[in-house]
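Nothing here was measured: the structure is a model prediction, and the numbers come from that model. The first residue in the sequence is number 1, and the count goes up from there. Numbering of ligands and ligand atoms starts at 1, following listing order.
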Amino acid sequence: MKFYSTNNPEHVVSLKEAVIKGLAPDQGLYMPEHIPLMPAEFFQELPFMSFQEMGVEVIRALFKDDLTEDQIKQLVEHTLSFDTPLVQVEDGIYTLELFHGPTLAFKDVGARFCSKLMSMLMTDESRLVRVLVATSGDTGSAVANGFYKVPGVEVIILYPQGKVSKLQEKQFTTLGENIHCLEVAGVFDDCQRLVKEAFLDTELNQEMLLTSANSINIARWIPQCLYYFHAWAQLLDKEKKIAVSVPSGNFGNLGAGILAERMGLPIDIFVASTNVNKVVPEFLDSGIFDPIPSLSTISNSMDVGNPSNFYRLLDLYGNDEELLKSRVVGYYFSDEETAIAMREVKAATGYLMDPHGAVGYLGLKKFLKEKGEEFQGIFLETAHPGKFQSTVEEVLQESIQLPNRLQAFLSKEVKSSRMGNDFEEFKRYLNDAR
Ligand SMILES: *Cc1c(COP(=O)(O)O)cnc(C)c1O
């Protein structure tokens with residue numbers, strides 16, 4: 001499979017180059033040159049396949065020219081090491097729980113695939129391979145846990161001192177092994193600047209191969225299509241039309257759902273559900289894409305005013321805006337509406353949604369009410385409510401229990417080095433710590 005840039009279809013690169021570069025040199029997003037259609041037999045067998053068996057079929061269809069059968073199996077086994085169960089919440093309404101991985105959020109899927117794939121593509125690399133990550137919290141934990149103990153790759157995580165919650169910090173600084181953490185005296189933007197300067201530094205790049213694992217990387221984006229197939233496999237009624245609502249920020253997750261649909265998965269409509277960072281729902285309404293500075297909400301992992309995967313959505317529909325609008329509807333919700341939904345669903349059904357999942361639930365309900373009488377619906381639960389303990393407790397006015405996996409991180413010791421926000425100091429660190 002080759003990949004082209006959304007800014008220039010003539011700019012075509014190999015899988016390895018697309019993964020190492022992340023973003024195309026013209027700032028475009030890489031897209032698969034050809035989207036394979038899964039055969040009818042695949043869909044007949046799908047309900048009887050395990051998550052991993054299905055994963056192998058789909059990844060093979062995409063990457064059979066780039067990876068050996070053995071590599072494909074290893075990659076899928078490493079990635080899909082936890083289940084994504086479909087759980088009924090109300091009559092005809094299901095949630096796809098994506099939070100059973102090591103850091104209890106859906107980003108684990110992309111991060112695990114990315115780490116394993118990078119290590120496979122770098123086996124003939126003589127330089128030291130280093131992944132640099134600037135994080136304000138959640139990305140750090142998913143990437144660190146995805147790369148943990150992956151051979152041949154060192155990860156260096158930069159995070160702003162005092163700006164990351166204790167629980168978030170514990171989820172990446174307590175791992176050790178190939179995961180190195182730097183607590184930077186500064187803000188998130190300082191961390192990001194240090195990483196960017198390192199990528200541009202000729203001297204450093206001769207000594208080591210520096211790469212990033214940010215969320216626009218195809219190695220994080222593409223594997224997210226897998227759990228949409230798995231959702232359909234678990235659905236009992238395959239005759240009734242299907243609406244899938246995706247709580248969205250940067251729109252990678254929704255884009256991956258559309259990729260699955262383009263590969264033949266029978267999803268009839270997607271709902272793009274957001275908080276008040278409503279740039280995409282507004283675009284779907286008006287045809288005008290107008291990025292804004294991001295606004296803070298209780299579904300903070302979706303506080304994105306300029307969604308980086310937006311052009312992927314258009315590209316998946318051949319840049320046909322009307323087609324996109326006929327396949328994706330968008331709705332946005334306030335924090336008040338989100339909190340009410342969390343309380344009402346908990347009271348009526350006992351199901352506890354996190355603030356992000358609740359936005360997805362609201363989008364689905366609105367679609368079903370307005371247009372979807374003949375539909376059944378799935379909303380994605382992108383994180384475990386325990387990850388947002390204080391928000392959830394405030395909304396529900398009751399205490400919730402942290403899952404054991406999060407609790408376990410809390411008892412471990414933070415290992416990180418302090419660092420100023422000066423590039424020369426960071427460069428010295430990279431040179432010395434080899
Ligand atoms: C990252 C994230 C999102 C948004 O996903 P996108 O792919 O950026 O749209 C939603 N919910 C949670 C919990 C997240 O961490």
Item to check | Polar contact flag, side-chain donor to acceptor under 3.5 angstrom, Glu169-Tyr159 | outcome: yes
Checklist entry - Between Asp108 and His100, is any side-chain donor less than 3.5 angstrom from a side-chain acceptor? => result no
Item to check | Short N or O distance, Asp354 and ligand 1, threshold 3.5 Å exclusive | outcome: no
Item to check | Part of Pro307 within contact of ligand 1 (heavy atoms, under 4.0 Å) | outcome: neither
Checklist entry - Is it the side chain (CB and beyond), the backbone, both or neither of Lys107 that lies under 4.0 Å from ligand 1, heavy atoms counted? => result side chain
Next on the checklist: So, regarding Met302 and ligand 1 (criterion: nitrogen or oxygen to nitrogen or oxygen, under 3.5 Å), is there a contact or not?
Outcome noted: no
Checklist outcome for this item: In this structure, atom 3 (C) of ligand 1 is nearest to the protein heavy atom Phe106 CE2, 3.6 Å
Checklist entry - Under 4.0 Å from any heavy atom of Ser248, which atoms of ligand 1 are there? => result 9 (O)
Checklist entry - Is it true that the side chains of Thr103 and Asn145 contain a donor and an acceptor less than 3.5 Å apart? => result no
Next on the checklist: Between Ser273 and Tyr361, do the side chains contain a donor N or O and an acceptor N or O under 3.5 Å apart?
Outcome noted: no
Checklist entry - Are Phe251 and Leu313 close enough that some pair of their side-chain heavy atoms sits under 4.5 Å apart? => result yes
Item to check | Per atom 4 (C) of ligand 1, closest listed option by heavy atom (Ala256, Gly249, Gly357) | outcome: Gly249
Checklist outcome for this item: heavy-atom search around atom 8 (O) of ligand 1 in the protein gives Asn250 N, 2.8 Å
Checklist entry - Does an N or O anywhere in Phe251 fall below 3.5 Å from an N or O of ligand 1? => result yes
Checklist entry - Strictly under 4.0 Å, does any heavy atom of Ala105 approach an atom of ligand 1? => result no
Checklist entry - Has Lys196 got its NZ or CZ under 6.0 Å from the middle of the six-membered ring of Phe199, at an angle within 45 degrees of the ring axis? => result no
Checklist entry - Do Ser296 and Asp303 meet the criterion of a side-chain donor-acceptor pair at a distance under 3.5 Å? => result no
Checklist entry - Closest non-hydrogen protein atom to atom 11 (N) of ligand 1, residue and atom name please, with distance? => result Thr382 OG1, 2.8 Å
Checklist entry - Taking only heavy atoms of Ala383, which atoms of ligand 1 are found under 4.0 Å from at least one of them? => result 13 (C)
Checklist entry - Looking only at N/O atoms, are Phe388 and ligand 1 under 3.5 Å apart anywhere? => result no
Checklist entry - Counting each atom of ligand 1 from 1 as listed, which ones have a heavy atom of Gly252 under 4.0 Å away? => result 6 (P), 7 (O), 9 (O)
Next on the checklist: Just by distance, no angles: are the side chains of Arg312 and Thr6 close enough, under 3.5 Å, to form a donor-acceptor pair?
Outcome noted: no
Checklist outcome for this item: Per-atom filter on ligand 1: closer than 4.0 angstrom to a heavy atom of Pro247 are 10 (C)
Checklist entry - Looking at Arg130 and Glu154, does any basic side-chain N land under 4.0 Å from a carboxylate oxygen? => result no
Next on the checklist: Using 0.5 Å steps for rounding, measure from the OG1 atom of Thr382 to the CG atom of Leu98.
Outcome noted: 7.5 Å
Checklist entry - Has ligand 1 got any nitrogen or oxygen that is less than 3.5 angstrom from a nitrogen or oxygen of His356? => result no
Checklist entry - ligand 1 and Asn253, any nitrogen or oxygen pair closer than 3.5 angstrom? => result yes
Next on the checklist: Assess whether a salt bridge exists between Arg193 and Asp190, defined as any Lys/Arg side-chain N lying under 4.0 Å from an Asp/Glu carboxylate O.
Outcome noted: yes
